[in-house]
Amino acid sequence: QVQLMESGGGLVQAGGSLRLSCAASGIIFSIHDMGWYRQAPGKQRELVASITNGGNTNYADSFKGRSIISRDNTKNTVYLQMNSLKPEDTAVYYCNAFIRSSRTGYPYPYWGQGTQVTVSS
């Protein structure tokens, strides 16, 4: 059993910053790609940023230049530093990770429960 636990969401004024964290726990042999997605009311879930276990990163265009995704492999944790937040960034942010639970198993995608980010104008 694997769990992803997010933290760091909340209410912030436009122009402010938040740092999200997501820690994986449980039966973990290895963690591959990790990432953050978001879903606003009435919209589809979309990628915010992702990072490979080697540290290569990928960002949605709307987050390039104002967000940094990072990970601490010793803590099985991924972070998302978001700056210059806008009201349109308001959404539930979900952590995602591809995790192998055994040496012979395949990476399986796990999701966190989501953390609310609200940006006021």
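Residue Ile27 places its CD1 atom among 12 or fewer non-hydrogen atoms of other residues, nucleotides or ligands, all under 6.0 Å distant. Remark: Glu46 CD is packed, more than 12 non-hydrogen atoms of other residues, nucleotides or ligands lying under 6.0 Å away.
Residues Asn96 and Trp36 have side chains not in contact (no heavy-atom distance under 4.5 Å, counting atoms from C-beta outward). Contact check for Ile68 versus Leu80: no side-chain heavy atoms found under the 4.5 Å cut-off. Within the 4.5 Å cutoff, the side chain of Thr115 has heavy atoms near those of the Leu20 side chain. Between Leu18 and Leu85, the closest side-chain pair of non-hydrogen atoms falls below 4.5 Å. Using a 4.5 Å heavy-atom cutoff, the side chains of Ser101 and Val2 are in contact.
Of all the heavy atoms in Pro109 and Phe98, the pair that sits closest is CB-CE2, 3.7 Å. When all heavy atoms are compared, the tightest approach of Ser121 to Ala14 is CA-CB, 4.4 Å. Among all heavy-atom pairs drawn from Asn83 and Ser17, the shortest one is OD1-OG, 2.9 Å. Here the closest heavy-atom approach between residue Leu4 and residue Cys22 is recorded as CB-SG, 3.8 Å.
A donor-acceptor pair is defined here as one N or O able to donate and one able to accept, closer than 3.5 Å; such a pair exists between the side chain of Glu6 and the backbone of Cys95. A donor-acceptor pair is defined here as one N or O able to donate and one able to accept, closer than 3.5 Å; no such pair exists between the side chain of Thr118 and the backbone of Leu11. Of the possible donor and acceptor atoms, none in the side chain of Ser21 sits under 3.5 Å from a partner among the backbone N and O of Tyr79. With Gln39 contributing its side chain and Gln44 its backbone, the two residues share no donor-acceptor pair below 3.5 Å. At least one donor-acceptor pair under 3.5 Å links the side chain of Thr77 to the backbone N or O of Lys75.
Expressed to the nearest 0.5 Å, how far OG of Ser30 lies from CZ of Arg100 amounts to 4.5 Å. Atom CD1 of Ile51 and atom CE of Met34 lie 9.0 Å apart (nearest 0.5 Å). Rounded to the nearest 0.5 Å, atoms CZ (Phe63) and CD1 (Ile69) are 11.0 Å apart. Note that CD of Gln81 and CZ of Arg66 are 12.0 Å apart. Values are rounded to the nearest 0.5 Å. Here OG of Ser50 is found 9.0 Å from OH of Tyr59. Values are rounded to the nearest 0.5 Å. A distance of 9.0 Å separates CH2 in Trp111 from OH in Tyr94, rounded to the nearest 0.5 Å.
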Chi angles and distances behind the salt bridge (Lys or Arg N to Asp or Glu O under 4.0 Å) call for Arg71, Asp33 = CA-CA 10 Å; Arg71 62 191 285 173; Asp33 291 4; 5.6 Å; no
May I have the step-by-step check of side-chain contact (heavy atoms from CB on, under 4.5 Å) for Met82 and Val117, ending in yes or no?
-> CA-CA 11 Å; Met82 300 187 291; Val117 171; 4.2 Å; yes
Pair Lys86-Asp89, salt bridge (Lys or Arg N to Asp or Glu O under 4.0 Å): steps then yes or no = CA-CA 5 Å; Lys86 309 170 185 178; Asp89 293 322; over 6 Å; no
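For Tyr110 and Tyr108, the ring centers are positioned less than 6.0 Å apart.
Arg38 and Tyr93 share a donor-acceptor pair across their side chains, judged by distance under 3.5 Å alone.
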